[in-house]
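Atoms considered below: every heavy atom in the structure, side chains included; atoms not considered: hydrogens, waters and symmetry mates. Start at 1 and go down the list; that is how both ligands and their atoms are numbered. Just so we're clear, the structure is a prediction, and the values are computed from it rather than from any experiment.
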Amino acid sequence: MTDVGTSVDVVAPSPVESDIDKDKLPDVSSWKLMKNLSWRIWLVVFIGIMSSILNGLVFPSFAVVFGEVLGVFSLPASQVLDEIHPWGATFLALGIVLAVSTFVKNLCFSISGENLTRVVRSKLFKAILRQEVGWFDDESNSTAALSTKLSSNAGDVSGAAGVRLGTVIEMSVTLLASMAVAFGYSWITAFVVVGLIPILAVGSVLYFSLAAGRKKSSNKGLKEASEIALESVKNIRVVAAFGLEESFYQTFEKEVLGTYKLSVCLSVLFGVAYALTQSLVFFAYIVTFRFGAYIVMLPTDDILYTGYENVFRVFSAIVFGSIAIGATGSFAPDYTKAKESAKIVYAILDRNPEIDNYSQDGLKLEDVKGDLQFENVFFAYPQRLQVNVLSSFSLKVKQGQTLALVGASGGGKSTVMQLIERFYDPHAGCASLDGTNILDINLSWLRSQIGIVSQEPVLFDGTVAENIRYGALFREVSDEEVIAAAKSANIHSFIETLPMGYNTSVGGESNQLSGGQKQRVAIARALLRDPKILLLDEATSALDSESERVVQEALDKAREGRTCIVIAHRLSTIYNSDCIAVLKRGKVAELGTHRELMEKRGLYYRLNGAKATSQPEQETNNTESGISILQI
Ligand code: ADP
Ligand code: MG
């Protein structure tokens with residue numbers, strides 16, 4: 001039997017999880033959850049249910065047999081031994097049925113619970129990857145929050161189909177069968193005792209509502225405390241520099257003390273409730289036996305009369321029934337947890353992303369040229385809708401040309417690239433490829449035409465070759481192609497010198513490559529796509545001048561024959577672009593070649609540094625030698 005006393009645990013809450021307002025999310029029915037199971041698992045569930053029913057019948061059967069055994073003991077001593085043997089066999093059978101059905105029940109429901117978690121977890125991960133980039137900007141979808149959802153919430157969902165569900169079925173059967181036995185043998189005794197069930201249930205109900213309350217309130221206190229701890233540890237330098245240790249300690253201590261006091265108070269109530277769950281049944285016995293005594297003493301022809309074995313049968317049936325009530329309640333926390341987690345999980349599963357990464361719709365242009373155009377584009381980030389990052393932004397890049405975007409940091413340069421990749425969509429205006437609005441183009445096809453290299457090269461856990469191959473997973477790529485891409489990115493000869501060559505592990509935690517080398521692997525990855533459009537977002541800014549030179553050479557090679565948009569601070573990177581656009585407050589403020597813009601002596605000219613203002617000639621020299629830096 002399940003011990004109700006052990007089912008409540010107070011765990012430290014994850015601060016991330018507690019921030020989600022679960023009450024606002026729509027409920028998820030158990031049926032919706034269970035629909036995730038395949039027919040094979042449904043079969044397992046069915047076997048589990050059958051075993052639970054069998055299991056639930058054992059104790060009421062015992063109640064019946066128990067009455068018979070008592071009857072045997074009332075026989076003359078000489079007959080007792082003969083009569084008792086068959087009952088021994090019955091107990092043996094009951095024991096075996098109980099053992100087998102318990103095992104099968106637990107096994108089946110463990111399998112179904114774990115399976116539910118596995119399916120939901122995979123679906124959740126797939127759904128997360130499907131969401132648009134803007135969705136990840138939301139704090140409630142931070143890395144920490146999403147990994148909690150994948151680990152805890154997906155895990156908790158199993159509560160709806162796990163072992164405890166088997167227990168509920170078993171206990172419901174026990175309760176019903178016990179009642180049937182009780183009513184069958186002496187309906188009047190059973191009637192009286194059933195009247196006592198609400199009293200028996202009082203303890204359990206009180207216990208569980210208190211347990212839920214205790215968990216909530218101590219979670220709240222612990223959440224505050226753990227936030228203080230997180231904040232101070234995260235910012236330990238500031239804490240140490242300002243000598244804030246004691247002050248943070250005091251605040252922490254206060255929160256923890258509050259939780260402690262609350263827990264102690266609740267424990268008293270809790271103890272009373274638990275004591276009641278344990279003891280109330282004995283008070284019910286008093287009534288049962290007293291009433292039993294009354295009907296046993298009635299004349300045998302009275303319709304209420306029954307033998308004492310039957311009183312015992314009713315008595316044991318009621319005992320098992322009341323235990324069943326308690327145990328069923330112990331399922332509640334698991335089930336509630338499963339339901340709450342299901343809400344969180346389904347909020348993502350049921351969400352239709354604004355830009356669907358898995359969308360099959362849209363055009364696939366034949367024979368792409370690579371003309372890009374922005375017309376009167378307005379855009380604000382979802383998290384900061386009040387600020388237009390691009391407003392009335394228009395720009396054109398012709399096929400095969402290189403356009404450089406320059407301007408102060410925060411001017412919206414990277415944003416332009418994100419719009420081309422459709423990480424975000426403009427709020428008004430239109431971005432087009434070869435004259436077709438990119439919103440009408442098939443998303444994955446569009447992205448397959450673009451190669452992007454950003455400031456921080458991201459390599460995944462795996463070998464160099466695998467990382468380069470990530471560039472074109474949508475098609476078969478030969479080893480020769482990988483090597484050709486590496487050669488174009490000026491990284492082939494370096495990879496050859498690595499101990500395992502192309503099979504050397506990089507990315508993840510391993511720090512085998514320098515920034516410049518990583519950057520060139522990232523370029524090789526972008527080139528493997530053979531993209532029509534190449535986006536370079538400060539691809540060389542983080543590098544020292546020697547690495548920069550090598551990477552720059554790689555990039556210059558890579559630009560050939562493609563439409564290319566470059567963002568860079570170093571003038572050397574951009575001065576030979578076909579066109580330079582200076583961005584200011586989300587608009588193109590100046591447009592032209594390096595020479596034209598320098599002659600204009602406007603924003604671009606000023607961006608080239610204070611020195612340039614007074615000595616333009618010298619500035620030009622700097623430009624040529626590649627050391628002048630566009631001010632940010
Ligand atoms: P640049 O690349 O020119 O330095 P960005 O295009 O990255 O500038 O950013 C333009 C503006 O948009 C900045 O003010 C920046 O703070 C803001 N911004 C960038 N990314 C986001 C985002 N994901 N959510 C909200 N605001 C953002
Ligand atoms: Mg940027």
Side-chain angles (χ1 to χ4, degrees), residues 128-129 131-146 353-355 357 372 374 376-395 397 402-429 431 438 450-458 515 519 522-523 526 533-543 548 551-552 555 564-571 573-574 577 579-591 597 602-604 606-609 629-632:
I128 289 174
L129 293 184
Q131 304 304 316
E132 77 273 6
V133 173
W135 183 78
F136 292 87
D137 289 342
D138 191 338
E139 215 182 312
S140 60
N141 302 321
S142 65
T143 318
L146 292 180
E354 278 163 34
I355 303 168
N357 290 342
L372 279 174
F374 282 82
N376 220 5
V377 165
F378 284 80
F379 175 73
Y381 281 97
Q383 297 303 311
R384 278 168 63 193
L385 283 173
Q386 66 281 14
V387 187
N388 265 336
V389 176
L390 297 182
S391 57
S392 191
F393 178 85
S394 298
L395 191 63
V397 201
T402 296
L403 167 83
L405 294 179
V406 299
S409 171
K413 304 182 294 294
S414 303
T415 308
V416 172
M417 294 198 170
Q418 307 215 58
L419 293 186
I420 297 174
E421 282 272 12
R422 282 200 69 203
F423 292 159
Y424 303 88
D425 283 340
H427 294 175
I438 58 171
I450 306 173
I452 190 163
V453 182
S454 43
Q455 184 167 5
E456 283 293 324
V458 175
Q519 193 62 284
I523 294 170
I533 299 161
L534 191 61
L535 305 178
L536 306 173
D537 189 351
E538 311 198 16
T540 57
S541 309
L543 306 179
E548 197 228 332
V551 174
Q552 192 58 50
L555 288 176
C564 183
I565 300 186
V566 197
I567 300 175
H569 290 142
R570 290 199 175 99
L571 204 47
T573 319
I574 53 156
S577 310
C579 190
I580 298 170
V582 184
L583 262 61
K584 192 179 174 192
R585 293 204 198 101
K587 281 196 180 66
V588 177
E590 283 177 12
L591 190 68
L597 293 180
L603 258 179
Y604 181 77
R606 282 202 297 282
L607 275 169
N608 277 316
I629 296 189
L630 287 175
Q631 227 173 25
I632 51 164

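- Residues forming a side-chain hydrogen bond (donor to acceptor under 3.5 Å, both in side chains) with N388 (at least two apart in sequence, or on another chain): none.
- Between the side chain of S394 and the backbone N or O of N376 there is at least one donor-acceptor pair closer than 3.5 Å.
- Contacts of Y424 classified as ring-ring contact (aromatic ring centres under 6.0 Å, His included), with partners at least two apart in sequence or in another chain: F379, Y381.
- Protein N/O/S atoms closer than 2.8 Å to the Mg ion (ligand 2), listed by chain and residue number, are S414 OG.
- Put simply, the side chain of E132 gets close to the backbone of E354: a donor and an acceptor are under 3.5 Å apart.
- The shortest contact between atom 7 (O) of ligand 1 and any protein heavy atom is with S414 CB, 3.6 Å.
- Side-chain atoms of S577 do not come within 3.5 Å of backbone N or O of I580 as any donor-acceptor pair.
- Scanning the protein for heavy atoms near atom 19 (C) of ligand 1, the closest one is Y381 CE1, 3.4 Å.
- At the shortest separation from atom 15 (C) of ligand 1 among protein heavy atoms lies R384 NH1, 4.0 Å.
- By the side-chain contact (heavy atoms from CB on, under 4.5 Å) test, N357 pairs with L443, R447, sequence neighbours left out.
- Looking at ligand 1, you'll find an N or O of K413 within less than 3.5 Å of one of its N or O atoms.
- Listed for the K413 side chain is a donor-acceptor partner under 3.5 Å among the backbone atoms of A408.
- Annotation: the span from I565 atom CD1 to I420 atom CD1 amounts to 3.5 Å, rounded to 0.5 Å.
- Without hydrogens or angle criteria, Q519 side chain to S454 main chain gives a donor-acceptor distance under 3.5 Å.
- The protein heavy-atom contact nearest to atom 14 (O) of ligand 1 is G410 O, 3.9 Å.
- By the criterion of a heavy-atom distance under 4.0 Å, the side chain of Y424, and not its backbone, is placed next to ligand 1.
- By the 3.5 Å distance cut-off applied to N or O atoms, V389 is not counted among the residues near ligand 1.
- Counting only distance, with no hydrogens or angles, the side chain of N141 and the backbone of W135 share a donor-acceptor pair below 3.5 Å.
- Atoms of ligand 1 lying under 4.0 Å from any heavy atom of S409, numbered from 1 in the order shown and given with element: 4 (O).
- Regarding atom 23 (N) of ligand 1, its nearest protein heavy-atom neighbour is D137 OD2, 3.0 Å.
- Side-chain atoms of E590 come within 3.5 Å of backbone atoms of L603 as a donor-acceptor pair (strictly under, hydrogens ignored).
- Heavy atoms of T415 found under 4.0 angstrom from ligand 1 belong to the backbone as well as the side chain.
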